[in-house]
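Report on the structure given below.
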2 protein chains.
Amino acid sequence: MAATRATARQPAAADRVVKPHGPTAAKRERILEAAMAVFGAYGYHKGALVEVAERAGMTHAGVLHHFGSKEGLLVAVLQYRDGEAVAGLDAREQVEGPAFLRHILDTVKENTERPGVVQAYTVLSGESVTDGHPAQEYFRERLRTLRHKIERTLAEVTGNSDPAELRDAANTLVAVMDGLQVQWLLSPDEVDMTRTVKRTLDMLLDRLSAA
Amino acid sequence: MAATRATARQPAAADRVVKPHGPTAAKRERILEAAMAVFGAYGYHKGALVEVAERAGMTHAGVLHHFGSKEGLLVAVLQYRDGEAVAGLDAREQVEGPAFLRHILDTVKENTERPGVVQAYTVLSGESVTDGHPAQEYFRERLRTLRHKIERTLAEVTGNSDPAELRDAANTLVAVMDGLQVQWLLSPDEVDMTRTVKRTLDMLLDRLSAA
DNA sequence: CCATACTTACATATGAGTCAGTAAGTATTG
DNA sequence: CAATACTTACTGACTCATATGTAAGTATGG
């Protein structure tokens, strides 16, 4: 009886820090991987737990057992993405200065090879601007972090210190990266993401250095 | 406003076709307006016909009577948007050359006053990259048209004729406009859309002129 | 008086979350 | 070291809410 229910325990939602090891962790990852694929393919609202479960090799109740709710699963997916060093744009640690700019370019290039990930990110961030969307805070925070990091880097690299110019430049770079993804997903042949981002970055550096 | 848009009229044979006039057309517009608000606020999938109907002052069956299906409604909304001169980015007719670039800037500025419209566009275009989304073809085509128009204009204005450079520049401009909207919707205070797009355009013109 | 614009009522699907129970571990302790 | 207690990872069978679409009937204005 009620041997279930380890999940929806009241004591704060942030007790998920405990990382399960071994087969359990592996199963969780399979679910997260499946969820990312499903949310990417259909969006959060249209994406069904049943399909996530199917792809992960269990029933939807099993998925719920691990993540408590659909929203919980989404949050976990987002965090999981951040945890993966590979395609993470934010570079939470010590990549600073010019290296960070190179890192951005590398990431864009890598993304070209992973349409699934790009699709998930694009769909979810678009959906996030709807009223009361659970991923809203996540994307707001993500943009904030990224903007600041880019601002700092651009200031450091170009010597420019005009706050408005730096902010606009940072927002531009982020916008180009995100905006190109939509175009690329819809018409891959019309967009060269890597080259275009590179050019934008060069332009921004020129501009900021000149002033 | 008034009895614009005989929209979904394809027959052509009999030009005596009864185009919805007077109160009928007005009611249709109320529905489209409501639908845009609802799809903007919740996305296409989460947005419910019942709510569209409520805002338009009828029952959901009434809405279905006019548009046949939810998908039909979405398509109509998209076409309706294009029909409105005001915030339409594409400028399908005779705005050419520098005037077109000014038109773009004006539109961005106007958009700042219409968060609802921006939200609808952003949400829907994001959703459109999901598998089998009904708005996919619409956005693909829209991007194509816009890209070509911008390419032509930039070539004309700067004298540059490198196809790759023009394409990248056009894609960049579109990406910046779309990308900034997401950022702006999430954190309006951190983004100055008008100024940032203006700067981007200037940079692109510089760059293309220089080469 | 009839096409058009609806309404009420219904049919039907789908999807999230609940619950009880089972099978398999992992401690615990006598 | 084995019997017992407790936990984890599920499944299957619901519930309940929500959503699209349909059918049949009513009202109305040209």
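On a predicted model such as this, the values are computed, not experimentally measured, just so you know. Below, read A as the first sequence line, B as the second, and so on, with proteins coming before strands; counting in each chain starts at 1.
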Protein-nucleotide distance (A/Leu49, atom CG; D/dC16, atom P), rounded to Å: 20 Å

Closest-nucleotide 5' rank along DNA chain C - winner of B/His60 and B/Ile31: B/Ile31

Sub-4.5 Å side-chain heavy-atom contact between A/Val52 and A/Leu73: yes

Sugar-phosphate, base or nothing in reach of A/Gly47, heavy atoms under 4.0 Å: sugar-phosphate

CA sep, side-chain torsions, deciding dist, call: A/His133, A/Phe139, side-chain contact (heavy atoms from CB on, under 4.5 Å): CA-CA 10 Å; A/His133 195 284; A/Phe139 280 105; over 6 Å; no

A/Tyr42 vs B/Asp131, side-chain contact (heavy atoms from CB on, under 4.5 Å): CA-CA, chis, key distance, verdict: CA-CA 6 Å; A/Tyr42 304 110; B/Asp131 298 2; 4.2 Å; yes

Separation of atom OH in B/Tyr42 from atom C1' in D/dT18, rounded to whole Å: 14 Å

Atom pair distance, as rounded to whole Å: CG in B/Leu64 and P in D/dA24: 16 Å

Spacing between B/Arg30 atom CZ and C/dA5 atom P, to the nearest angstrom: 16 Å

Between C/dC6 (P) and B/Arg28 (CZ): distance, integer Å: 11 Å

Nearest listed nucleotide, side chain of A/His65, among C/dT18, C/dC6, D/dA9: D/dA9

From CA spacing to verdict: salt bridge (Lys or Arg N to Asp or Glu O under 4.0 Å), B/Glu33, B/Arg30: CA-CA 5 Å; B/Glu33 217 65 66; B/Arg30 273 196 70 185; over 6 Å; no

Nucleotide of C/dT18, D/dA19, C/dT7 approaching B/Met58 most closely (side-chain heavy atoms): C/dT7

Side chain of A/Ala61 - closest among C/dA16, D/dA19, C/dC19: C/dC19

Side-chain N,O (B/Thr59) to OP1/OP2 (C/dT7) below 4.0 Å: yes

Backbone N/O of A/Glu151 and side chain of A/Glu156: donor-acceptor pair under 3.5 Å: no

Interatomic distance where NZ belongs to A/Lys27 and C1' belongs to C/dG25 [whole Å]: 15 Å

Separation of D/dG21 P from B/Lys70 NZ (nearest whole Å): 8 Å

N or O in side chain of A/Lys46 less than 4.0 angstrom from C/dG15 OP1/OP2: no

Separation of D/dG21 P from B/Leu73 CG (nearest whole Å): 10 Å

